[in-house]
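In what follows, chains are A, B, ... by sequence order, proteins preceding strands, each numbered from 1.
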Amino acid sequence: MLDIQLLRKDITAVAARLATRPYVLDVDSFQKIEAERKEIQMRTQDLQARRNSLSKQVGALKGKGEDTAAVMEQVAGLGDELKSCEGHLAGIQTQLDALLLGIPNLPHDSVPNGKSSDDNLEMRRVGTRRTYDFAVKDHVDLGEQIGGLDFAVAAKIAGSRFAVMKGPIARLHRALAQFMLDTHTQEHGYTEVYTPYLVNADSMRGTGQLPKFEDDLFATFKSKDEKLYLIPTAEVPVTNLVRDEIVPLEQLPLKFVCHTPCFRSEAGSYGKDTRGMIRQHQFDKVELVQVVHPDQSYASLEALTGHAEAILQKLELPYRVVTICTGDMGFSAAKTFDIEVWLPGQNAYREISSCSNFESFQARRMQARYRDEKGKPQLAHTLNGSGLAVGRTLVAVLENYQNADGSITVPNALHRYMNGVESITAGSR
RNA sequence: GGAUGGGUGGCAGAGCGGUUGAAUGCACCGGUCUUGAAAACCGGCAAGGGGGCAACUCCUUCGUGGGUUCAAAUCCCACCCCAUCCGCCA
């Protein structure tokens with residue numbers, strides 16, 4: 001959510017910056033509602049003030065044993081107008097909130113303008129792409145040949161966009177998650193957390209999934225009329241740890257790492273990435289979340305991106321980092337770096353992590369604050385990034401570490417998580 | 001699912017129709033004292049929002065929603081959450 005003061009003061013500049021996303025801010029309707037709000041709010045508060053002071057007089061008169069009939073009559077006369085004003089104001093406030101909740105974040109000045117992913121800015125390429133003296137396979141063929149990846153049985157159990165992993169592939173998948181958690185907690189200073197996978201609507205609103213993106217979510221029912229949502233990313237429960245909290249200054253920055261399954265409906269991506277486990281309804285991810293002082297958030301974004309990159313470096317997987325342009329950026333982000341890993345099977349770089357600074361956009365929605373030097377509550381800045389998407393990392397390992405005979409060499413960094421296993425083949429367990 | 005108790009400021013915890021945005025303690029900030037610190041003493045200290053150039057001022061908030069009343073943290077109704085015990089259970 002944007003600061004409403006910003007919209008009141010300089011809506012033209014805000015609209016211009018949002019247009020780069022592109023998002024058309026309805027300036028007229030905002031200004032119309034805002035003008036109405038101002039008028040009604042002032043009138044309502046004036047009536048309330050009069051009622052309060054008259055009521056206090058009644059109390060004072062009664063205390064002295066004097067007659068109160070005249071004052072009570074006066075205050076009674078206020079009743080109807082007050083009630084209608086309060087109702088009117090509540091209605092306008094609801095409208096205003098709805099409008100505000102639908103406005104995306106302002107891109108940071110350093111974000112390149114652009115229309116689509118074609119306009120994203122490559123920052124760096126890291127690692128060396130292997131050359132193969134045989135025809136490379138993709139992870140689907142490799143996994144099925146080993147007997148560890150089964151999409152057909154997953155479709156039987158649940159439908160499309162699910163996978164069943166078995167044997168050495170399932171183990172490799174687990175090893176990757178453990179390896180990521182250990183690296184981030186032991187080397188990057190994150191605190192591991194375990195959270196609910198089902199969350200309430202307030203939490204989804206806090207991080208920006210609701211009200212606009214309900215279609216992207218899976219939901220379930222706690223009771224007949226109480227809905228719970230399956231998390232699309234650990235960002236949601238973890239960032240909401242600080243919802244409605246005032247964190248003491250000395251506790252910043254908060255750094256959390258969390259491994260969870262993620263559930264996405266992938267509505268609107270029909271026909272995209274239908275093969276393999278690149279785009280699934282359910283996938284595991286290790287997520288990094290930081291809550292920081294506003295002065296630090298861009299330095300933190302660089303650091304957090306580096307933490308995600310460290311995983312790929314340790315796994316010796318080649319990747320590149322891109323800055324997402326205005327037109328390709330997510331709703332809540334002020335700036336995003338994507339990390340894209342090289343996939344020989346697709347002969348392309350594919351997103352494996354997305355690291356964003358949300359500035360105060362999420363914090364304002366969820367009233368996540370810290371106490372500044374003067375003791376005043378201030379909105380914190382929130383960040384998060386995948387460190388990394390476990391399923392896609394598995395895909396990257398399978399494809400990059402494949403051998404001519406279809407076996408997979410286990411990256412050195414994972415040996416201790418695989419009980420010393422250095423290679424997996426069809427016979428592995 | 002059943003029973004009981006409970007949800008009040010950063011925390012603990014009073015208040016149970018009016019002058020209470022809320023006693024008291026802790027924490028925190030400023031000061032006195034001290035070589036320094038502690039202790040002691042004095043003072044300050046909720047959040048969100050509106051109006052105003054400002055000084056300042058007004059509104060809202062005691063789990064949530066609704067109701068009664070001139071007036072609600074306090075009374076009534078519904079719901080939610082937490083704790084404990086019983087039942088069931090990974």
Side-chain angles (χ1 to χ4, degrees), chain A residues 1-9 30-31 33-101 194-206 220-229 237 240-252 254 261 291 360 362-380:
Chain A
M1 191 156 70
L2 296 181
D3 184 356
I4 192 167
Q5 303 293 352
L6 210 59
L7 293 171
R8 288 182 186 144
K9 280 189 201 126
F30 173 80
Q31 288 181 330
I33 298 171
E34 171 59 15
E36 200 178 352
R37 186 229 99 224
K38 185 164 176 171
E39 189 201 322
I40 299 297
Q41 180 162 359
M42 285 172 65
R43 189 150 103 231
T44 307
Q45 293 190 351
D46 178 57
L47 287 167
Q48 285 171 330
R50 275 154 65 195
R51 179 205 54 200
N52 290 346
S53 85
L54 287 171
S55 289
K56 254 177 201 171
Q57 279 180 41
V58 173
L61 289 173
K62 283 210 165 156
K64 284 185 271 179
E66 291 175 24
D67 179 50
T68 60
V71 184
M72 277 167 70
E73 196 181 322
Q74 245 189 81
V75 90
L78 263 41
D80 285 347
E81 193 188 354
L82 183 57
K83 205 160 195 172
S84 96
C85 276
E86 282 176 340
H88 193 171
L89 183 61
I92 291 169
Q93 217 45 274
T94 307
Q95 272 184 61
L96 210 50
D97 286 348
L99 204 141
L100 232 44
L101 283 172
Y194 173 89
T195 67
Y197 300 158
L198 300 173
V199 302
N200 56 33
D202 281 344
S203 296
M204 286 294 186
R205 209 172 295 115
T220 186
F221 289 87
K222 185 183 179 190
S223 64
K224 199 162 169 278
D225 40 28
E226 200 182 353
K227 220 191 237 182
L228 286 178
Y229 295 88
N240 273 280
L241 288 172
V242 293
R243 170 151 57 88
D244 294 320
E245 298 288 339
I246 302 175
V247 180
L249 185 63
E250 63 273 16
Q251 280 179 25
L252 294 182
L254 298 174
V291 179
S360 58
Q362 294 180 326
R364 184 169 293 106
R365 290 177 162 232
M366 64 171 79
Q367 288 296 304
R369 293 162 296 170
Y370 67 95
R371 224 172 258 288
D372 70 12
E373 298 74 4
K374 290 178 187 152
K376 281 288 145 206
Q378 305 286 355
L379 293 172

K.L.:
If you look at every strand shown and take non-hydrogen atoms under 4.0 Å, does Arg50(A) touch a base, only sugar-phosphate, or nothing?
P.N.:
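Nothing, no nucleic acid heavy atom in range.
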
K.L.:
My understanding is that a pair needs two contacts under 3.5 Å, Watson-Crick or G-U wobble. By that rule, which nucleotide pairs with A46(B)?
P.N.:
U61(B)

K.L.:
Could you state the atom-to-atom distance from CD of Gln48(A) to C1' of C70(B) in whole Å?
P.N.:
15 Å

K.L.:
What's the gap between G13(B) and U24(B) when it is taken at their C1' atoms, as a whole Å value?
P.N.:
8 Å

K.L.:
Tell me: CG of Leu249(A) to C1' of G10(B), nearest whole Å?
P.N.:
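It is 14 Å, rounded to the nearest whole Å.
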
K.L.:
Can you tell me how far C1' in A27(B) sits from the matching atom in C81(B), rounded to whole Å?
P.N.:
27 Å

K.L.:
Side chains of Ile4(A) and Phe30(A), heavy atoms from C-beta outward: is any pair under 4.5 Å?
P.N.:
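Touching, per the 4.5 Å side-chain cut-off.
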
K.L.:
Using a cut-off of 4.0 Å on non-hydrogen atoms, how would the nucleic acid contact of Pro377(A) be classed: base, sugar-phosphate, or nothing?
P.N.:
sugar-phosphate

K.L.:
Would you list the protein and nucleotides 71-79 of chain B atom pairs, both N or O, that sit under 3.5 Å from each other?
P.N.:
unit_1 : atom_1 : unit_2   : atom_2 : d
A71(B) : O4'    : Ser55(A) : OG     : 3.3

K.L.:
What is the pairing partner of C41(B), taking Watson-Crick or G-U wobble pairs with both distances under 3.5 Å in any strand?
P.N.:
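Its partner is G31(B).
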
K.L.:
Mind checking the C1' distance from C62(B) to U74(B)? Whole angstroms is fine.
P.N.:
10 Å

K.L.:
Does any donor atom in the side chain of Thr94(A) or Asp97(A) lie under 3.5 Å from an acceptor atom in the other side chain?
P.N.:
no

K.L.:
Sticking with atom P, work out how far C89(B) lies from U4(B), rounded to a whole angstrom.
P.N.:
24 Å

K.L.:
With a 4.0 Å limit, can you tell me whether Asn52(A) has a side-chain N or O closer than that to the phosphate oxygens OP1/OP2 of U60(B)?
P.N.:
yes

K.L.:
Could you list the residues that satisfy salt bridge (Lys or Arg N to Asp or Glu O under 4.0 Å) with Asp46(A), not counting sequence neighbours?
P.N.:
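Counting only residues at least two positions away or on another chain, Asp46(A) forms a salt bridge (Lys or Arg N to Asp or Glu O under 4.0 Å) with Arg50(A).
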
K.L.:
If you measure from the C1' atom in A73(B) to the same atom in G2(B), how many Å do you get, rounded?
P.N.:
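Result for the C1' pair: 31 Å, nearest Å.
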
K.L.:
Measure the distance from CG on Leu78(A) to P on C59(B) and round it to the nearest whole Å.
P.N.:
13 Å

K.L.:
Looking at NZ of Lys38(A) and CD of Glu36(A), how far apart are the two atoms once the value is rounded to the nearest 0.5 Å?
P.N.:
14.0 Å

K.L.:
For residues Asn52(A) and Lys56(A), determine if any side-chain heavy atom of one lies less than 4.5 Å from a side-chain heavy atom of the other.
P.N.:
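Contact flag for Asn52(A)/Lys56(A) side chains = no.
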
K.L.:
What interatomic distance, in whole Å, is found between C1' of A90(B) and the corresponding atom of A3(B)?
P.N.:
25 Å

K.L.:
How long is the line joining CG of Leu54(A) and P of G18(B), in whole Å?
P.N.:
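The answer, rounded to whole Å, is 19 Å.
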
K.L.:
Do any side-chain atoms of residues 69-86 of chain A form donor-acceptor pairs under 3.5 angstrom with protein atoms, and if so which ones, sequence neighbours left out?
P.N.:
unit_1   : atom_1 : unit_2   : atom_2 : d
Glu81(A) : OE2    : Arg43(A) : NE     : 3.4
Ser84(A) : OG     : Glu81(A) : O      : 3.4
Glu86(A) : OE2    : Gln48(A) : NE2    : 2.9

K.L.:
Determine the Euclidean distance between corresponding P atoms of C76(B) and A55(B); express it in Å to zero decimal places.
P.N.:
44 Å

K.L.:
Of Glu86(A) and Ala60(A), whose closest RNA chain B nucleotide lies nearer the 5' terminus?
P.N.:
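Closest to the 5' end, via its nearest nucleotide, is Ala60(A).
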
K.L.:
In this structure, how many angstroms lie between the C1' atom of C81(B) and the CG atom of Asp244(A), rounded?
P.N.:
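In whole Å, C81(B) C1' and Asp244(A) CG are 15 Å from each other.
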
K.L.:
Which value, in whole Å, describes the distance between the P atoms of nucleotides C58(B) and G9(B)?
P.N.:
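Roughly 25 Å separates the two P atoms.
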
K.L.:
Would you say Arg243(A)'s side chain and Arg365(A)'s backbone share a donor-acceptor pair under 3.5 angstrom?
P.N.:
no

K.L.:
Heavy atoms from C-beta onward define the side chain here; which of C70(B), G52(B), U68(B) lies closest to that of Lys38(A)?
P.N.:
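My answer, after comparing the listed nucleotides, is G52(B).
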
K.L.:
Which residues pass the side chain to side chain contact (heavy atoms under 4.5 Å, CB included) test with Glu250(A), not counting sequence neighbours?
P.N.:
Pro248(A)

K.L.:
Pull out every residue in residues 39-47 of chain A that has a heavy atom closer than 4.0 Å to any atom of RNA chain B, ordered by number, or say none.
P.N.:
Gln41(A), Met42(A), Gln45(A)

K.L.:
Return the set of residues passing salt bridge (Lys or Arg N to Asp or Glu O under 4.0 Å) with Asp202(A) (not counting sequence neighbours), or none when no residue passes.
P.N.:
Arg205(A)

K.L.:
In whole Å, I'd like the distance from the CD1 atom of Ile246(A) to the P atom of C45(B).
P.N.:
17 Å

K.L.:
Keeping the roles fixed (side chain from Asp372(A), backbone from Gln378(A)), state whether a donor-acceptor pair exists under 3.5 Å.
P.N.:
no

K.L.:
Quick check on A47(B): is either OP1 or OP2 less than 4.0 Å from any side-chain nitrogen or oxygen of Arg371(A)?
P.N.:
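For A47(B), OP1 or OP2 has a side-chain N or O of Arg371(A) closer than 4.0 Å.
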
K.L.:
With a 3.5 Å limit on both atom pairs, tell me what G87(B) is paired to, counting Watson-Crick and G-U wobble, or say none.
P.N.:
none

K.L.:
Is the phosphate of G50(B), meaning OP1 or OP2, less than 4.0 Å from a side-chain N or O of Gln5(A)?
P.N.:
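Yes, Gln5(A) has a side-chain N/O under 4.0 Å of OP1/OP2 on G50(B).
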
K.L.:
Between G49(B) atom P and Ile92(A) atom CD1, what is the distance in whole Å?
P.N.:
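Atom CD1 in Ile92(A) sits about 18 Å away from atom P in G49(B).
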
K.L.:
For the pair made of OH in Tyr370(A) and P in A47(B), what is the distance, rounded to whole Å?
P.N.:
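Distance check: Tyr370(A) OH to A47(B) P gives 14 Å.
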
K.L.:
To the nearest 0.5 Å, how far apart are CG in Leu89(A) and CE in Met42(A)?
P.N.:
12.5 Å

K.L.:
Does OP1 or OP2 of G48(B) have a side-chain N or O of Arg369(A) closer than 4.0 Å?
P.N.:
yes

